[in-house]
Amino acid sequence: MPTPRSRPVVGVQMFAQRFSATRRGARLARLLASLQLVEWGHPRGTDDHDRATIVVAELTANAALHGCVPGRDFALLLTYETHRSVVRVEVSDTHPARPTLFPPTQDMDHGRGLVIVDALAVSWGVRDRVGPGKTVWAECALSTGRATGLSSPCASVDRVTPGAGLPF
C-alpha cells in the first residue's frame with residue numbers, strides 16, 4: 001500500500017479595488033495597499049512593505065497620469081502568494097498605449113517610474129486584459145521573516161553571546 005502524501009498548504013490572499021484615474025485615486029490606492037500589506041504581516045518600515053508600496057505607488061501613478069481615459073477608472077489587484085513569498089501587483093486601465101521602459105536623462109522631470117519598478121520587482125510586464133486597455137503587473141519577493149518584519153531569514157536565529165556557554 002503506498003504511503004499517503006500530504007500536499008503543502010497553498011495560501012493565496014487577494015485585495016481588489018477600483019479607483020478614480022486621478023492623483024487622489026493613485027494616492028488612495030497606495031495607502032490602502034500599504035494597510036493591506038500590514039494586515040498580511042509586513043509592517044510599515046520593513047523592506048518588504050516599502051518595496052511593494054513603492055511599486056504600487058509607481059504603477060498607480062502611471063495609470064492615473066498616462067493611462068487615464070475620461071470617465072474610466074483603474075483597478076488595483078494585490079495577490080499575496082504565501083507559498084512563493086511573493087506579492088503580485090496588477091494595475092489595469094483602459095488606455096490602449098503600453099508603457100515602455102527607457103532610461104531618463106538628467107534634465108527630464110518624469111519617466112523614472114518603470115525604472116524604479118524594474119529595480120524593485122523581481123519581474124514585471126504588460127498584458128492585454130478583457131475589454132479595452134492593458135494590465136501592468138509586477139512581482140515583489142518577500143522575506144521569510146514576515147511575521148516579525150525581519151528583512152533576512154537569518155535575523156530570527158537566536159544569538160549566543162561569546163563566553164555565555166551553550167543552552168544545553
Side-chain angles (χ1 to χ4, degrees), residues 9-144 146-147 149 151:
V9 176
V10 177
V12 175
Q13 299 175 26
M14 300 173 83
F15 170 83
Q17 183 71 44
R18 297 190 68 81
F19 298 92
S20 63
T22 62
R23 291 178 4 183
R24 181 175 286 181
R27 179 178 181 269
L28 182 58
R30 175 182 52 84
L31 291 172
L32 290 177
S34 173
L35 288 172
Q36 188 60 58
L37 289 164
V38 171
E39 287 293 316
W40 287 339
H42 301 282
R44 284 186 176 91
T46 61
D47 291 342
D48 292 341
H49 179 275
D50 293 348
R51 182 182 312 111
T53 301
I54 291 169
V55 168
V56 168
E58 294 299 335
L59 294 183
T60 58
N62 282 351
L65 297 174
H66 307 295
C68 180
V69 172
R72 300 291 181 124
D73 296 337
F74 70 86
L76 170 66
L77 173 64
L78 298 178
T79 306
Y80 178 31
E81 300 177 30
T82 56
H83 61 287
R84 290 180 51 212
S85 294
V86 168
V87 168
R88 183 178 175 97
V89 179
E90 295 185 18
V91 178
S92 301
D93 63 56
T94 55
H95 198 279
R98 290 177 166 256
T100 55
L101 176 66
F102 63 92
T105 61
Q106 288 184 348
D107 59 338
M108 293 175 67
D109 63 350
H110 58 80
R112 290 170 176 78
L114 287 180
V115 173
I116 293 169
V117 170
D118 188 56
L120 295 177
V122 292
S123 62
W124 71 275
V126 184
R127 65 176 167 80
D128 291 329
R129 69 182 203 117
V130 176
K134 79 274 185 192
T135 297
V136 183
W137 59 270
E139 291 188 339
C140 298
L142 303 175
S143 64
T144 56
R146 74 175 198 82
S151 59

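Side chains are part of it too, since the values below use all heavy atoms of this structure and drop only hydrogens, waters and symmetry mates.
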Do you know which two heavy atoms are closest between [X] and [Y], and how far apart they sit?
| X | Y | answer |
| --- | --- | --- |
| W137 | S123 | CZ3-OG, 3.5 Å |
| R23 | L65 | CG-CD2, 4.3 Å |
| H49 | S34 | NE2-OG, 2.9 Å |
| A29 | T60 | CB-CG2, 3.8 Å |
| P132 | R72 | CG-NH1, 4.3 Å |
| C140 | A52 | SG-CA, 4.0 Å |

(request) Would you please name every residue forming a salt bridge (Lys or Arg N to Asp or Glu O under 4.0 Å) with R51, sequence neighbours left out? (result)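 With sequence neighbours excluded, R51 shows a salt bridge (Lys or Arg N to Asp or Glu O under 4.0 Å) to D48, given in chain and number order.
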
Given side chains that start at C-beta, do those of [X] and [Y] come closer than 4.5 Å, heavy atoms only?
| X | Y | result |
| --- | --- | --- |
| L101 | D118 | yes |
| L142 | D47 | no |
| V91 | T135 | no |
| L114 | W124 | yes |
| L32 | F15 | yes |
| L35 | R44 | yes |
| V117 | V136 | no |
| R84 | E139 | yes |

When rounded to the nearest 0.5 angstrom, what is the spacing between [atom1] in [X] and [atom2] in [Y]?
| X | Y | atom1 | atom2 | result |
| --- | --- | --- | --- | --- |
| L120 | E58 | CG | CD | 8.5 Å |
| M14 | Q36 | CE | CD | 11.0 Å |
| H66 | H95 | NE2 | NE2 | 10.5 Å |
| L77 | E90 | CG | CD | 5.0 Å |
| R18 | F74 | CZ | CZ | 9.5 Å |
| L76 | L59 | CG | CG | 9.0 Å |

(message) So, using side-chain hydrogen bond (donor to acceptor under 3.5 Å, both in side chains) as the criterion, who are the partners of T94 when residues are at least two apart?
(response)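 Per chain and number, T94 pairs via side-chain hydrogen bond (donor to acceptor under 3.5 Å, both in side chains) with no residue.
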
(request) Take V87 and V55 through the side-chain contact (heavy atoms from CB on, under 4.5 Å) test and state the conclusion after the steps. (result) CA-CA 10 Å; V87 168; V55 168; over 6 Å; no

(message) Run D128 and R98 through side-chain contact (heavy atoms from CB on, under 4.5 Å) and show every step you take.
(response) CA-CA 9 Å; D128 291 329; R98 290 177 166 256; 2.6 Å; yes

(message) As a quick check of understanding, evaluate side-chain contact (heavy atoms from CB on, under 4.5 Å) for I54 and R30, giving each step before the final call.
(response) CA-CA 8 Å; I54 291 169; R30 175 182 52 84; over 6 Å; no

(message) Can you confirm whether R24 is buried at CZ, in the sense that more than 12 heavy atoms of other residues, nucleotides or ligands lie under 6.0 Å from that atom?
(response)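 12 or below, so no.
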
(message) One pair to check against salt bridge (charged side-chain N to carboxylate O under 4.0 Å, His left out): K134 and D93. What are the steps and the verdict?
(response) CA-CA 6 Å; K134 79 274 185 192; D93 63 56; 2.7 Å; yes

